[in-house]
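Structure first, commentary second.
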Amino acid sequence: MTKRISGQSFDLNLDGALIHVIKSTLSITDNTAAAQTQGVPDGWISGDVSAEGEVELPIKSLSVLKAKARAAGSWRNIPATDLMWYAKAGSEEMKVEAFGCKLILSDILDHDPKGGSLVSLKVKFVVTSPDFVRLDGIPYLESELTDNLIG
């Protein structure tokens with residue numbers, strides 16, 4: 001048996017800074033649908049797309065975001081940034097990129113007074129760039145949609 005990718009395999013890169021996270025998600029909504037002619041399926045039509053996610057950080061990893069907030073003048077004014085997750089284990093490798101992510105502080109405190117767990121912070125994000133999302137270097141959106149938007 002070979003080593004497989006697990007949650008421990010992933011690192012998050014935010015603008016060149018490596019951030020260790022407790023948990024992260026990235027979800028795509030694609031409203032592509034079946035086309036119909038007189039109520040009968042007849043091909044398909046592209047729908048609108050969006051992507052969003054969440055990153056849960058231990059307080060130890062907060063320094064990178066804190067520096068960005070300080071430079072921007074506020075947490076809310078942090079400029080949209082690119083996020084990249086990378087994992088490699090044995091012969092398996094995975095790279096996920098999300099472009100133009102607008103960070104939104106969500107749960108700014110999560111602690112258990114009994115102890116026994118790290119204090120964490122959750123940061124939601126929405127993908128705002130037409131570059132959108134890439135999985136292993138392959139764009140999710142076809143270039144015909146984005147060629148005139150990127151530049």
Side-chain angles (χ1 to χ4, degrees), residues 3-34 44-151:
K3 186 174 181 181
R4 307 294 302 269
I5 290 177
S6 73
Q8 291 179 331
S9 306
F10 279 92
D11 287 317
L12 173 65
N13 186 305
L14 186 147
D15 271 351
L18 184 65
I19 297 179
H20 296 288
V21 299
I22 295 170
K23 184 178 179 180
S24 59
T25 62
L26 172 60
S27 301
I28 293 175
T29 300
D30 185 338
N31 290 314
T32 296
W44 59 277
I45 52 174
S46 294
D48 59 317
V49 295
S50 63
E52 62 186 14
E54 184 175 75
V55 177
E56 185 175 356
L57 305 169
I59 297 303
K60 182 179 179 180
S61 296
L62 187 59
S63 60
V64 172
L65 284 182
K66 202 183 299 184
K68 289 188 167 302
R70 189 169 284 115
S74 72
W75 290 95
R76 191 171 182 188
N77 207 34
I78 295 173
T81 186
D82 297 339
L83 300 177
M84 190 263 295
W85 293 262
Y86 179 77
K88 183 172 172 91
S91 62
E92 295 181 343
E93 189 173 6
M94 184 175 187
K95 180 179 176 183
V96 178
E97 299 166 282
F99 298 94
C101 296
K102 180 61 179 154
L103 306 178
I104 304 161
L105 288 185
S106 172
D107 299 344
I108 61 171
L109 187 60
D110 186 2
H111 73 93
D112 183 345
K114 294 185 292 184
S117 62
L118 291 174
V119 174
S120 64
L121 164 78
K122 289 184 183 174
V123 179
K124 292 183 179 181
F125 62 90
V126 292
V127 176
T128 66
S129 170
D131 285 323
F132 200 55
V133 172
R134 290 189 191 139
L135 177 56
D136 291 330
I138 304 166
Y140 183 80
L141 296 174
E142 57 272 31
S143 63
E144 302 84 54
L145 286 177
T146 60
D147 282 347
N148 293 328
L149 299 175
I150 300 171

Using the rule given for side chain to side chain contact (heavy atoms under 4.5 Å, CB included), can you reason through Phe125 versus Val55, listing the C-alpha separation, both sets of side-chain angles and the distance that settles it, and then say yes or no?
CA-CA 8 Å; Phe125 62 90; Val55 177; 3.9 Å; yes
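- With sequence neighbours excluded, no residue forms a side chain to side chain contact (heavy atoms under 4.5 Å, CB included) with Ser27.
- Under the 4.5 Å side-chain criterion, counting only non-hydrogen atoms from C-beta, Leu83 is in contact with Leu12.
- Glu92 is linked by a salt bridge (charged side-chain N to carboxylate O under 4.0 Å, His left out) to Arg4, counting only residues two or more places apart in sequence or in another chain.
- One finds the CG atom of Leu14 at 4.5 Å from the CD1 atom of Ile19 (value rounded to the nearest 0.5 Å).
- By the side-chain hydrogen bond (donor to acceptor under 3.5 Å, both in side chains) test, Asn31 pairs with Asp48, sequence neighbours left out.
- Within the 4.5 Å cutoff, the side chain of Asp11 has no heavy atoms near those of the Met84 side chain.
- Shown here are the salt bridge (charged side-chain N to carboxylate O under 4.0 Å, His left out) partners of Asp15, two or more places apart in sequence or in another chain: Lys68.
- Looking only at side-chain heavy atoms (C-beta outward), Tyr86 and Asn13 stay at 4.5 Å or farther from each other.
- Ile59 contributes atom CD1, which lies 9.0 Å from atom CG of Leu118 (distance to the nearest 0.5 angstrom).
- Listed by chain and residue number, Ser120 satisfy the side-chain hydrogen bond (donor to acceptor under 3.5 Å, both in side chains) test with Glu56 (two or more places apart in sequence, or in another chain).
- Applying the salt bridge (Lys or Arg N to Asp or Glu O under 4.0 Å) test to pairs two or more places apart or on separate chains, none has a residue in residues 80-91.
- By the 4.5 Å heavy-atom criterion applied to side chains, Val127 and Glu52 are not counted as neighbours.
- Taking a 6.0 Å sphere around CD1 of Ile108, one finds it holds 12 or fewer heavy atoms contributed by other residues, nucleotides or ligands.
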Might you work through the side chain to side chain contact (heavy atoms under 4.5 Å, CB included) test for Leu109 and Val119, ending with a clear yes or no?
CA-CA 7 Å; Leu109 187 60; Val119 174; 3.8 Å; yes
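- Scanning for side chain to side chain contact (heavy atoms under 4.5 Å, CB included) contacts around Lys66 gives Leu62, Arg70, Trp75, with sequence neighbours left out.
- Val49 meets the side chain to side chain contact (heavy atoms under 4.5 Å, CB included) test with Asp30, Phe132, Tyr140, Leu141; sequence neighbours excluded.
- Within the structure, salt bridge (Lys or Arg N to Asp or Glu O under 4.0 Å) contacts touching residues 136-145 (residues at least two apart or in different chains) do not occur.
- Of all heavy-atom pairs spanning Ala51 and Val133, the tightest one is CB-CG2, 4.1 Å.
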Report the C-alpha distance between Trp85 and Ser24 in whole Å, list the side-chain angles of each, state the deciding distance to 0.1 Å, and finish with yes or no for side chain to side chain contact (heavy atoms under 4.5 Å, CB included).
CA-CA 9 Å; Trp85 293 262; Ser24 59; 3.0 Å; yes
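- Every pair tested for salt bridge (Lys or Arg N to Asp or Glu O under 4.0 Å) that includes a residue from residues 18-29 fails, sequence neighbours excluded, so the list is empty.
- With rounding to the nearest 0.5 Å, the separation of CD1 in Ile104 from CZ in Arg76 is 8.5 Å.
- By the side chain to side chain contact (heavy atoms under 4.5 Å, CB included) test, Glu54 is found to be paired with Thr25, Ser106, Lys122, Lys124, residues two or more places apart in sequence or in another chain being considered.
- Considering all non-hydrogen atoms of both residues, His20 and Leu57 come closest at O-CD2, 4.2 Å.
- Summarising the geometry of Ala80 relative to Thr128, their closest heavy-atom pair is CB-OG1, 4.0 Å, with the distance given to 0.1 Å.
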